[in-house]
Amino acid sequence: MDFKEIIANKISDVINIDANELKSYIEVPKDNANGDYSFPCFRLAKELRKSPVDIANLIKDGLNIDEIFEKVDVVSGFLNFYINKAIIVKSFFDKFNANENYGSTNMGKGKTVIVEYSSPNIAKPFHIGHLKNTVLGHALDNLYRFQGYNVISWNHLGDYGTQFAKLIEAYKRWGNEYDLNENPIKKLAEMYVRINQLCAEDESVLEESRETFKQLEDGNPEYVKLRDEFTKYSMIDFNKIYDLLGVKFDKIIGESFYIDKIPEMYEVLEKTGRMIESENAMIVDLTPEGIDTPCIVKKSNGASIYAARDLASILYRTSNFDFDKCLYVIGNEQALYFKQIFAIAKIMGIDKKYIDGLEFVGYGMLRLPEGKMSTRKGNFVEVEGLLEDAINRVKKVILEKDNLDGMDIEDVSKKVGLGAVVFSNLLDSRVKDSVFDVNSAISFQGDTGPYVQYMVVRTKSVLTKVNNDISKDIDFSILIDDSSLNLIKVLSNFEEVLRSALEKNEPSFISRYLLDVAKAFSVFYNNDKIICDDKKTQDARVYLTYVTNKVLNRGLNLLGIQVPDKM
Ligand code: ARG
């Protein structure tokens, strides 16, 4: 039952204003002493030429108040609606029971979405920016799938660029000093740092790297072979992280894949007459599109650049995948760049359907308490180490517990440690910069993953106590006390929360919501004895516990978090 809609229709019957418009004004009061829903009359004052209080009274007098409402009050310019509690409860359980995958809709049916995420750079460490990216992309990947979209998860590996050529230069110089069979990324990273130092000291080395890059692009077999080796080694390390996080990609396609597709892209762009020469490079002036910064699409030595590969990849995607949306999960620092890329794609005459589907999903910088991490300077943090650290810290906490009976400590530590890292990365709105503090992330209390996981474990142990004997045939009127009703109200928002999380590509809506559910459950759990003497009461409360378990589990899984059996 959509109470907002019912209220809007009833008001519309009295004042003859479109119910959809009225529905959008309806609020949920913070304090439920002011009703379950509230309709502010201020917005209608101008149109109806009456004071808000007069409007409120006028509506109330004309309102058809049936058994759905306990009462309707006028308070200043507000109409406060109190819904019959048993009806709220029944309508929620009806909604829940009607959908095997409660929370899902069929909004994605028949639609395809490419979710590009993670996209680390070969031969460089997977740094914490990539961790945030991967966690965010994975959550979106899950969310779109859950809503019925055909999702293509896409890892746009950085296996090209001048930095890559630098590495080949380093390998040529010092390759025999490093055994790449052991800790390949660490060694490659060391070489990268070393060659960067040399480039900074000696301009000619930088120049040589540029030339190497050009040759790599032209397909110099020795260089191509080296790059493929680096890729192979790097993927071994990246896959360790993906396995830990449970991430799987449908496509892993490096930037180098587009090299032979770039000439065709230049051809299309050339024809538009918008590719012009500037200081020996080719650029697109985007002033007509309202973007002040021109975009360089070809370097002076003719070598392609990042932008060329992105443009070629858009062409490739549009001609091979009939997508409705193509999401780019990428750090905020590339926001302007992607504005440029999307604008050029439009200039190139790509079908409007695809252009409209291109979406930049930016995120703020993730910092560790020590400060910003940069690969180039060499003070990078290895993500695998960071994840292991979280797991080990959780293990220590768990080992201090009294009752470890039947607990798979490795499994629990892994799920909780990883859950803590993932949850803390998805807690704030994605565009905000954030600091990852492992100690607060793994805390079992506060706004953390472990806190939510702990609540799921609680629901599980209640269900185990009744041998998972869950009766659906319950007396709704038992659940109208404040803490049950509040939990039910929160649970009934799940669909809405998932819908807006998807619309805004904002998994933090889900994490915040799960905290609300967990807190509401905790109050219910402490106030109402679930296992009790009265069978009818117990059945009703057990069922509410069961529903909570489903919602929390599902929500965590969508974020990419697993739940242990005990903790
Ligand atoms: N590899 C890049 C990096 O690590 C991100 C790639 C983003 N995706 C793209 N289509 N340009 O910074």
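Positions are given from 1 along the sequence. As the structure lists them, so they are numbered: ligands from 1, and atoms in each ligand from 1.
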Polar pairs, ligand 1 vs protein, N/O only, below 3.5 Å.
{"from": "ligand 1", "atom 1": "1 (N)", "to": "Ser119", "atom 2": "O", "distance (Å)": "2.9"}
{"from": "ligand 1", "atom 1": "1 (N)", "to": "Asn121", "atom 2": "OD1", "distance (Å)": "2.7"}
{"from": "ligand 1", "atom 1": "4 (O)", "to": "Ser119", "atom 2": "O", "distance (Å)": "3.4"}
{"from": "ligand 1", "atom 1": "4 (O)", "to": "Asn121", "atom 2": "OD1", "distance (Å)": "3.4"}
{"from": "ligand 1", "atom 1": "4 (O)", "to": "Asn121", "atom 2": "ND2", "distance (Å)": "3.1"}
{"from": "ligand 1", "atom 1": "4 (O)", "to": "His130", "atom 2": "NE2", "distance (Å)": "2.8"}
{"from": "ligand 1", "atom 1": "8 (N)", "to": "Glu116", "atom 2": "OE2", "distance (Å)": "2.8"}
{"from": "ligand 1", "atom 1": "10 (N)", "to": "Glu116", "atom 2": "OE1", "distance (Å)": "3.3"}
{"from": "ligand 1", "atom 1": "10 (N)", "to": "Glu116", "atom 2": "OE2", "distance (Å)": "3.1"}
{"from": "ligand 1", "atom 1": "10 (N)", "to": "Asp310", "atom 2": "OD1", "distance (Å)": "2.7"}
{"from": "ligand 1", "atom 1": "11 (N)", "to": "Tyr306", "atom 2": "OH", "distance (Å)": "2.6"}
{"from": "ligand 1", "atom 1": "11 (N)", "to": "Asp310", "atom 2": "OD1", "distance (Å)": "3.4"}
{"from": "ligand 1", "atom 1": "11 (N)", "to": "Asp310", "atom 2": "OD2", "distance (Å)": "2.8"}

- Please check if any side-chain donor atom of Arg554 sits under 3.5 Å from a side-chain acceptor atom of Asn101, or the reverse. yes
- Task: Identify, with sequence neighbours excluded, every residue that meets side-chain contact (heavy atoms from CB on, under 4.5 Å) alongside Asp324.
- Result: Lys111, Thr112, Lys353
- Task: For the residue pair Tyr451 and Lys519, confirm or rule out a side-chain donor-acceptor distance under 3.5 Å.
- Result: no
- Note on the structure: The residue among Phe342, Tyr337, Tyr363, Phe360 that forms ring pair (Phe, Tyr, Trp, His ring centres under 6.0 Å) with Tyr328 is Phe342
- Message: Using a strict threshold of under 4.0 Å (side-chain N to carboxylate O), is an ion pair present between Glu388 and Lys414?
- Response: no
- Electrostatic pair Lys172-Glu169, nearest N-O below 4.0 angstrom: yes
